[in-house]
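Structure record follows, encoded as structure tokens.
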Amino acid sequence: MTNGTGRTGTTRRKFSTLVGVIAATTLLAGCGPDASGPAAGGSPSPTPTPKEALLAAVPDGTEGAFRFTGKDSSSDISGVVDPAANGMDLTAAYKDPEHGFTTRMSFLLVKEQLWLKVKFTGTEGLTGLPKLPNRWMELDRAKLTDGETAPTYEGADVGNAGPIIEAATTVEAKDDGTYTGVVDLTKGQAGEAVGEEEVAALGAAAGQVPFTAVVGPDGNLASLTLAIPAAGKAKAWKYLVKYTDYGKAPKLAAPTGSAAQEAPKVAYDMLNG
């Protein structure tokens, strides 16, 4: 498996609700080197370096549908990526620090069509929250004041493993499929992938961030973890990407019948707020 060169895009942006910010981070997609082999009749490919081998394990869309889990400084996100459908089903959760309730927001993207589902929990005694249907709400992007408030599919590597590994200054491989090394988050698109504000706060430490990656027996990337050090008042945290169930995760399709409806005005008010 190789990860071909692709353009940078955003699959998760900062998007506001009436009650707070959900999934406040920036993700890139579709980045990586052109690791294609030589032309027929050419010289055999040299043995790849550990960095090249790790980059080749990053998903490029040929692996079938798979599950994704991500974690950054402020949010957790999980779901399914289905390259054949140009689709994603991603859910992020945010707990309001002042009022204690949790907002769970899901986006379903299939062939450029986009749906939203929102659920509030722990809202006992609270008023003023928007009343939304408990089903997929199809969104019209033209009605969104900021086109970056909703995801678009721009590549299988929704966790930005590719641009982060590209910025590695050292990579060492072990026999068990584990890779370790150091990433310079000031290089390339790594800082945007992890979070530009968080990287800026690290100062000089941003150039020496340790990472661990695991490649499964199938040759696909299973996980990538960055150990972000403490900086100023910010505590140490981990940037985590997990890709699992390659070719086994459920394929994505547009919801039909009573499972979906057009998004009401209150949904747009929430996203455009």
Side-chain angles (χ1 to χ4, degrees), residues 10-27 67-80 88-109 114-141 143-152 158-160 192-202 225-226 228-242 255 258-273:
T10 55
T11 56
R12 184 172 60 177
R13 287 282 189 178
K14 295 181 179 179
F15 51 97
S16 297
T17 71
L18 297 179
V19 296
V21 177
I22 308 296
T25 188
T26 300
L27 285 183
R67 298 186 187 277
F68 161 69
T69 302
K71 182 178 178 63
D72 60 23
S73 63
S74 61
S75 61
D76 296 273
I77 192 167
S78 61
V80 172
M88 304 178 294
D89 180 352
L90 300 179
T91 296
Y94 170 80
K95 186 171 183 178
D96 185 279
E98 181 179 356
H99 301 100
F101 70 95
T102 298
T103 304
R104 183 175 297 274
M105 182 174 286
S106 301
F107 281 107
L108 173 62
L109 177 69
L114 182 64
W115 294 264
L116 167 70
K117 185 181 290 186
V118 179
K119 183 177 182 180
F120 302 106
T121 57
T123 59
E124 294 77 7
L126 297 177
T127 60
L129 294 176
K131 294 182 180 180
L132 296 165
N134 186 27
R135 64 182 72 184
W136 287 111
M137 297 173 284
E138 184 170 8
L139 294 171
D140 180 351
R141 292 181 188 271
K143 294 182 179 180
L144 298 173
T145 57
D146 182 355
E148 295 180 349
T149 58
T152 58
V158 298
N160 303 318
E192 187 178 356
V194 173
E196 292 174 319
E197 293 182 4
E198 290 86 346
V199 172
L202 291 174
T225 305
L226 293 178
I228 310 296
K233 296 182 180 180
K235 297 180 180 180
W237 56 281
K238 291 184 178 181
Y239 182 93
L240 173 66
V241 177
K242 285 187 177 182
S258 61
Q261 68 170 71
E262 291 185 2
K265 179 179 181 299
V266 66
Y268 293 103
D269 291 342
M270 183 183 66
L271 291 173
N272 293 333

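In this chain, residues are counted from 1 in sequence order. Basis for what follows: all heavy atoms, side chains included, without hydrogens, waters or symmetry-related copies.
- At a threshold of 4.5 Å between non-hydrogen side-chain atoms, the residues Leu144 and Asn272 count as touching.
- With rounding to the nearest 0.5 Å, the separation of CD in Glu138 from CG in Leu114 is 8.5 Å.
- Applying the side-chain contact (heavy atoms from CB on, under 4.5 Å) test to Ala201 and every residue at least two apart in sequence or in another chain returns nothing.
- What you find for Leu202 and Pro229 is that their closest heavy atoms are CD2-O, 3.4 Å.
- In this structure, OG1 in Thr102 is found 11.0 Å from NZ in Lys119, a value given to the nearest 0.5 Å.
- What you find for Met88 and Pro151 is that their closest heavy atoms are CE-CB, 3.9 Å.
- Within the 4.5 Å cutoff, the side chain of Tyr239 has heavy atoms near those of the Asn160 side chain.
- Closest non-hydrogen pair, Glu124 versus Gly122, comes out as OE1-C, 3.2 Å.
- Looking at every heavy atom in both residues, Met137 comes nearest to Lys117 through CE-CA, 4.3 Å.
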Where do Met105 and Phe107 land on the side chain to side chain contact (heavy atoms under 4.5 Å, CB included) test, with the steps shown first? CA-CA 7 Å; Met105 182 174 286; Phe107 281 107; 4.0 Å; yes

So Leu139 and Leu271, side chain to side chain contact (heavy atoms under 4.5 Å, CB included) or not? Walk me through it. CA-CA 10 Å; Leu139 294 171; Leu271 291 173; 3.9 Å; yes

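- Under the salt bridge (Lys or Arg N to Asp or Glu O under 4.0 Å) criterion, Lys265 pairs with Asp269, sequence neighbours left out.
- Using a 4.5 Å heavy-atom cutoff, the side chains of Val158 and Ile77 are not in contact.
- Partners of Lys143 according to the side-chain contact (heavy atoms from CB on, under 4.5 Å) rule, which considers only residues two or more places apart in sequence or in another chain, are Asp140, Tyr268.
- The structure places CZ of Phe120 at 10.5 Å from CG of Leu126, a figure rounded to the nearest 0.5 Å.
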Asp96 vs Thr103, test: side chain to side chain contact (heavy atoms under 4.5 Å, CB included). Steps then yes/no. CA-CA 8 Å; Asp96 185 279; Thr103 304; over 6 Å; no

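- Between Leu116 and Met270, some side-chain heavy-atom pair lies under the 4.5 Å cut-off.
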Give the C-alpha distance, both sets of side-chain angles, the deciding distance and a yes or no for side chain to side chain contact (heavy atoms under 4.5 Å, CB included) between Ser106 and Trp115. CA-CA 8 Å; Ser106 301; Trp115 294 264; over 6 Å; no

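- Residue Phe68 comes nearest to Leu90 through the heavy atom pair CD2-CD2, 3.9 Å, listed as atom of the first residue, atom of the second, then distance.
- When all heavy atoms of Leu108 and Asp89 are compared, the closest pair comes out as CD1-CB, 4.0 Å.
- For the atom pair CD1 (Ile228) and CD (Glu198), the distance works out to 9.0 Å, reported to the nearest 0.5 Å.
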